[in-house]
Each structure stands twice: as C-alpha cells, then as structure tokens.
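One structure below.
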Amino acid sequence: MTRAARVRRRLAIVLASCALAAGVFGVALLLSRPPLPVVDRVQQRGELVVAMREAPSTYHEGAGGPDGFEYALVRGFADHLGVDVRFVFPGTLVELLDDTMRGAVHLASGGLAVTPSRRQRLLFSNAYEVVDEQLIYRRGSERPRSLDDIAAGDLHVIGGSSHEETLTSLRNGAHPGLGWISRRDVGVAALLDALERGEIRLTIVDSNEVGLSQRLYKRAAVAFDIGEPRAIAWAFPKRADSSLRDAANAYLREIDNDGRLQRLRARYFGHAGRLNFVDTRDFWRAVRDRLPAYRAMFEQAAADTGLDWRLLAAIGYQESHWRADAVSPTGVRGIMMLTQATAKQMKISDRNDPAQSITGGARYLRVVEKKIPERIPQPNRLWLTLAGYNIGFGHLEDARILTQRDGGNPDLWMDVKQRLPLLAKKKYHTTVRHGFARGGEPVTYVDNIRNYYDMLVWFTTTADDATRERLLAQADD
Ligand code: GLU
C-alpha cells in the first residue's frame, strides 16, 4: 500500500468513526430530549379527552344537542386551545376519579369538589364555582334539624364523593355517632330517583344541582347545609406535567376577567330555584292532563315559524297554564293570552280558538324578535325577545337604555334583567320615553319560561320512558 493510500484509508476510518459518533450522539440527544408538555401533545393531537359526569348541572342532552354548565365550560377551554373535545362517561364517581388519576383522560369535569384527600392524588385547576353540600330529605317526612337527627340507615350518599368525605370528617370530629350508607354504584340521579320513590329518605346534593333538580324531583327538599362550602374545579392527572392545568387556569382567569364565566353561571343557574313545589307539581300535572290536546298545535306553529315547539308550549303554559278559555281582567285571552290588537295584527280571527291563538302567539314572537338588533346572538336574543313579548318592546328598549346608562351591556339579558325592575320607580321611569312599567314581571316571566322550556326539553329528549312515567306520576299528589 502506498503512503497516499494509507493516508486515504486512515482518513476514511476517521471520517466513518466521526459519522458513527455523530449518529450515536444524535440518537442519544433525541432520546434524552424531554417529552413534549401535555398541553402541546393535546394540541398536536387536536383532541382533549374529558371524563364527565351527567347531571342537570353538568352535562345533559339539550334541545340542540349536549348542553350544561360544565359542558359549556369545557367546550370553551377546548376552543381556547384550538382542539376538539371527546367526552367519556365513567360509570361511577370513583371510576371517574381513578381514570383521571391514572391518566386515561386529560382532565375530569363534573362539579368536582377540591378535597384534601383528592389533592393528594390529583392536580386541580383554580375553582370556577363554590357550592354548599345540602342535606336533602323526602318532602312529607320529618325534616331533620341537625346532624343528630340522622339515623344511620336513612342517609344514602355517593361512595367516594366529597359528600362522603365531609361526613367522614364530621364523624372524626364532633359527631362520632354519625352514620350513613355509602353507595358506590350510583350517581345523584339514582339517589334522587330512590328518594322520589320513597326508597330512601335522606341524601346529600350540591346546592347548584338542587335548584335544577327540584324541577324534576318534587320530593327533594333541603334540610340544611352540611360542612363548609366546597370549591369546584377540574381535576388533572398528577403524574403528567402541569402544563394543561396551567393552560386551564389561564383560560379560567381570562373568562373570569371578561365576564364570560359570570354569564355562563347566569345562563345555567340564574333561573333555577324560581319554581316552588306547587309550581313543579302543577306543571307536570298539566303536561299529563292538558298538553296532549295542544301538542300538535304547538308543533304546527313551530314548524310554520321555525321555532322550537317546546319553547312555544312553555310560553303557552306561562301565559294560560294551557287553558284555552283563559281570560285576564286586562282583556287578553286564550292559550297565548293575546290582546285583541295583537290578534288582529297577526290576522287571527278567534283568540279563543287554541290553534289560532298558538299560531298568533308564535307569529307575534317572530315580530318582536325582528325588532331586537340583529347583532345580538342567541341565547340573549331569545330572552330579550321574550321580555319584549311580555312587557312591550318600548319598555324593553327603555330598560336597555337604563342598562347602558348604568354601565351595563344592553345586549346581555343578564344585565338588562337587573335594570328592568327600575321601570317601576319614579326616579327612573320619568327619565325614559315609555314611562312606568311593572318591570319585575318580565323577569319572572322569562325565568319561568326558561324553567318550563328546560323541563319540556328534559321530558322529550333526556328522559327515558321510566323517567317520563315518574315525572308524570308526580302530578298525583
Ligand atoms: N361534588 C361532588 C363531588 O365532588 C359530586 C357531586 C355528585 O356526584 O353528585 O364528589
């Protein structure tokens, strides 16, 4: 081998080993690179997987698909990240928490309380809600006044829930005699079902759930609050890094600062608790005894006007309790309680004829809606329309002006609702064009209709046959 050849060979060996070393180094570098933060992986994948609990306060099937406070909150977060959401529904609360802990989902939502023992296993976002845990007793049975009134076999609670944790700490503290039955197999709906049927007498439900549930469970009555208020938050696996939780906190801060969180609360809980026991019973009684005669008419009017028949039916119930012969001292009459002038304007010849009244009411709702500025989107548009339908568009405009003067947003029902009652006060109604009006009435009116509408949606969409039967059976006593 010549010298030149030897040099070339050595050079080749050196180069080859350099390349090898570089390759090994590169692979090592790749292997040692820290994994992508969870939030980046979620964004890369384009999907947030969320464990959810089904309940009126969290997630349920609504008029236009899934709905509920927690649902809306999670959707907002997913939009903020620019990803889709996939909801999974573990069978029990214990499974939901376990799945989250072992990282089978990105986060868990569903009115979850932040408790000391959960904090050891899970990472929590900042709180977006605070609830009281309320002892519920079966209406008609004796109302417990204190924890000492609770017989051990009477109280059934969800196993592994914050409610059970509250009871445990009370028992370890000042109430060593406290006893209860822990039910690992059920959720809040099953317990309220059992209470309604008379199988159990006491349970514990979060306060935000109580207002919504009382529309569906007439027997559920509040005895008193147990323990301290609880913060509600999203739970994340602890084994993952905290990037997704941090992103959630940033999102929650943002919607808290710009008012969106408050609007969501108002939207999902603002009207709850308005109906009392008698209102609820009478409503289900009318659904059973009177609605069937008019349902097809509401459906027809809805089809003609592009509205939801259940909304029209809810208005009809609020107006006349579905009585075709209803008359008021002010001269309005019929199922939809139209004035003579409105009936004429809507080309209705006989206000007492239920089909005509319903058609007239539906058309009139559309007329009022057209007057609401186009920029206002749903659902505010609908609530403002209903208020205008009730009190007259001019007065609604006055209330919107008062809202604006007061620094509120005249396009938000939540803000206008607060100022409508001012129309009854001289100090205010003398400053607006249409003068005095009983402005508290449209607020009750809209709240009631929202409750009836929710209840009809529940009845026709969410409820299974057994639930429907139970709801109608509530009318009996
Ligand atoms: N807030 C309860 C908890 O965190 C859940 C309520 C329920 O399951 O109804 O355990």
Side-chain angles (χ1 to χ4, degrees), residues 50-60 68-71 73-74 87-101 105 107-137 155-171 180-196 200 202-217 220 222-223 225-238 248 265 268-269 272 458 462 467:
V50 177
M52 179 58 93
R53 187 171 70 79
E54 243 182 307
S57 68
T58 58
Y59 177 111
H60 58 85
F69 175 67
E70 301 263 341
Y71 169 76
L73 209 57
V74 169
F87 288 101
V88 295
F89 298 89
T92 65
L93 187 62
V94 170
E95 281 171 47
L96 179 142
L97 296 170
D98 284 350
D99 288 354
T100 312
M101 196 179 62
V105 296
L107 69 94
S109 168
L112 300 174
V114 183
T115 69
S117 84
R118 287 178 185 173
R119 261 194 194 291
Q120 290 173 6
R121 302 193 290 147
L122 295 155
L123 209 56
F124 280 96
S125 70
N126 293 336
Y128 47 77
E129 183 78 307
V130 175
V131 300
D132 289 309
E133 298 181 333
Q134 303 190 303
L135 181 69
I136 303 297
Y137 73 103
L155 175 57
H156 290 233
V157 299
I158 300 165
S161 65
S162 56
H163 313 152
E164 184 162 50
E165 214 170 311
T166 302
L167 292 173
T168 306
S169 68
L170 288 168
R171 188 177 57 192
W180 64 90
I181 294 171
S182 173
R183 301 280 303 271
R184 293 219 152 216
D185 53 324
V186 295
V188 61
L191 285 179
L192 288 173
D193 263 337
L195 185 110
E196 201 69 32
I200 69 171
L202 302 173
T203 187
I204 298 175
V205 178
D206 289 335
S207 50
N208 61 347
E209 186 76 41
V210 172
L212 298 175
S213 294
Q214 279 177 328
R215 302 174 307 180
L216 308 170
Y217 300 94
V222 177
D225 295 351
I226 297 208
E228 298 298 315
R230 291 274 199 197
I232 300 296
W234 287 331
F236 299 79
K238 219 172 191 173
R265 280 202 206 102
Y268 288 102
F269 302 113
W458 196 273
T462 315
T467 308

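Hydrogens, waters and symmetry mates are skipped; everything else that's a heavy atom, side chains included, is used. Whatever order the structure lists them in is the order used to number ligands and atoms, beginning at 1. Everything numeric here is computed off the predicted structure, so don't read it as measured data.
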For this session: Go through R118 and S162 one step at a time and tell me if the side-chain hydrogen bond (donor to acceptor under 3.5 Å, both in side chains) criterion holds.
Result: CA-CA 9 Å; R118 287 178 185 173; S162 56; 4.8 Å; no
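- The 4.0 Å heavy-atom shell around ligand 1 contains residues R53, L93, G111, L112, A113, R118, I158, S161, S162, H163, V188, D206, ordered by chain and number.
- Q134 and S207 form no side-chain donor-acceptor contact under 3.5 Å, judged by distance and modelled atom types alone.
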Exercise. What do the steps show when you test E209 against S57 for side-chain hydrogen bond (donor to acceptor under 3.5 Å, both in side chains), and what is the final call?
Worked result: CA-CA 5 Å; E209 186 76 41; S57 68; 2.3 Å; yes
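- Ring centroid separation for the pair F87 and Y71 comes in under the 6.0 Å cut-off.
- With hydrogens and angles ignored, the 3.5 Å screen pairs a side-chain donor or acceptor of R265 with a backbone N or O of Y128.
- In R121, the CZ atom is crowded: over 12 heavy atoms of neighbouring residues, nucleotides or ligands sit closer than 6.0 Å.
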